[in-house]
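Here is the structure we will look at.
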Amino acid sequence: MPPDELTLIEVDGIEIDLRNRVLAAFLAWLVPGLGHYYQGRTTKAGLFCVCILTTWVLGFALGGGHVVYASRFPGDFRWHYVLQSGVGAAALPALIQGKRMNDYTDYRTGRTRESYRPLWGGFMAPPTRPVLDDQADDVSAWYARHGAGYEMGTWYTVIAGLLNILVIYDAYGGPLAVPISGKRNKDDEEEAIAEA
Amino acid sequence: MLATLSISPSYLLYFVPLVISIALVFGATRHEDNALILKHALGTARWIAGFMAIILFALFVIEWMV
């Protein structure tokens with residue numbers, strides 16, 4: 001598709017062809033930086049890929065590989081996963097593991113059948129059931145084993161997911177216009193007055 | 001002093017990769033020019049580090065008062 005006025009934008013004096021915005025946004029979600037690579041913005045693609053996936057992998061390692069899992073059982077609603085899923089494909093195995101766990105768990109009793117075996121050696125699998133506050137369980141064991149690393153790992157992966165939401169927006173609509181601080185220095189104001 | 005906050009000083013190092021990632025991604029989602037991205041990232045990193053330093057200082061003051 002040839003570039004048109006809807007996909008061509010200019011930022012910092014550089015012309016960008018956003019191409020198919022929706023596809024770029026989807027690719028950016030699927031793999032951080034892939035949407036930018038599709039748009040030919042290779043430097044930013046590399047930067048996003050390295051920064052976000054490094055943060056993700058560091059968090060995953062700090063938490064002993066247990067910080068990313070999808071669970072919506074009473075007593076263990078893993079809301080962090082909603083934010084972690086911002087990194088796309090890297091978080092998808094948790095959905096498959098969560099679905100498998102659901103299939104093997106009785107909602108009335110909250111217990112998982114003994115025949116349940118997680119896939120891939122338990123990679124991104126939810127903790128076994130039940131998870132009760134007053135009993136030792138998988139989550140308690142993970143906390144005990146990794147200490148603050150489990151908490152830090154959770155936040156690292158959550159932040160990686162949140163950062164990728166910014167990246168998805170950048171792939172869809174180009175760089176945000178307003179600086180994060182909202183502060184304009186004197187030179188910028190003088191320049192704006194001169195241009196006016 | 002850090003011991004009074006119940007954390008090991010090494011835990012403070014956890015924030016370094018986070019600050020680098022956040023600052024670079026923030027900069028790169030606001031600019032297209034590499035020089036401007038780096039400039040914005042430095043500003044963001046300085047802002048985050050300053051904010052955390054203020055919080056740390058406030059915690060020290062609270063600890064000293066209690």
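Chain letters run A, B, ... following the sequence lines, proteins first, then strands; residues in each count from 1. Being a predicted model, the structure only gives us computed values, none of them experimental.
When heavy atoms are compared at a cutoff of 4.5 Å, A:L162 does not approach chain B at all. Both the backbone and the side chain of A:L166 come within contact range of chain B, each with at least one heavy atom under 4.5 Å from a heavy atom of that chain. Contacts of B:I37 with chain A are made by side-chain atoms alone, with heavy-atom separations under 4.5 Å and no backbone atom involved. Contact of A:L163 with chain B is made through backbone and side chain together, with heavy-atom distances under 4.5 Å. In this structure, chain A has a heavy atom under 4.5 Å from the side chain of B:L36, while its backbone stays farther away.
Contact count versus chain A (heavy atoms, under 4.5 Å) is highest, among B:G43, B:G27, B:S21, for B:S21. Your options are A:N164, A:I16, A:T55, A:V11, and the one with the most heavy-atom pairs under 4.5 Å with chain B is A:I16.
The minimum heavy-atom distance linking A:V167 with B:V25 is given by the pair CG2-CG1, 4.0 Å. What you find for A:Y156 and B:F15 is that their closest heavy atoms are OH-N, 4.4 Å. Heavy-atom minimum distance, B:P17 versus A:L58: CB-CD1, 3.9 Å.
Using a 4.5 Å cut-off between side-chain heavy atoms of Ile, Leu, Val, Met, Phe, Trp and Tyr, with links allowed through other members, B:L38 and A:V50 fall into different hydrophobic clusters. No single ILVMFWY cluster, assembled from side-chain heavy atoms under 4.5 Å apart, contains both A:L53 and A:L30. The hydrophobic clustering, which links ILVMFWY residues whose side-chain heavy atoms are closer than 4.5 Å, places A:W120 and A:L92 together. B:I22 and B:I54 are members of different hydrophobic clusters when ILVMFWY side chains are connected at heavy-atom separations under 4.5 Å. No path of Ile, Leu, Val, Met, Phe, Trp and Tyr side chains, each step under 4.5 Å between heavy atoms, connects B:F57 with B:I48, placing them in separate hydrophobic clusters.
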Exercise. Should B:E32 and A:K44 be marked as a side-chain contact (heavy atoms from CB on, under 4.5 Å) after you check the CA-CA gap, both sets of side-chain angles, and the distance that decides it?
Worked result: CA-CA 8 Å; B:E32 206 62 28; A:K44 285 176 73 166; 3.0 Å; yes

Problem set entry | Stepwise side-chain contact (heavy atoms from CB on, under 4.5 Å) check, A:W155 with B:L18 | CA-CA 10 Å; A:W155 292 115; B:L18 270 187; 6.0 Å; no

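To the nearest 0.5 angstrom, B:N34 atom CG is 8.5 Å from A:L47 atom CG.
Annotation for A:Y172: atom OH does not count as buried by contact number, only 12 or fewer foreign heavy atoms lying within 6.0 Å. A 6.0 Å sphere centred on OH of A:Y38 holds more than 12 heavy atoms belonging to other residues, nucleotides or ligands. A:F60 CZ: more than 12 foreign heavy atoms inside a 6.0 Å radius.
Although no hydrogens or angles enter the test, the distance criterion places a donor-acceptor pair under 3.5 Å between the side chain of A:D12 and the main chain of B:D33.
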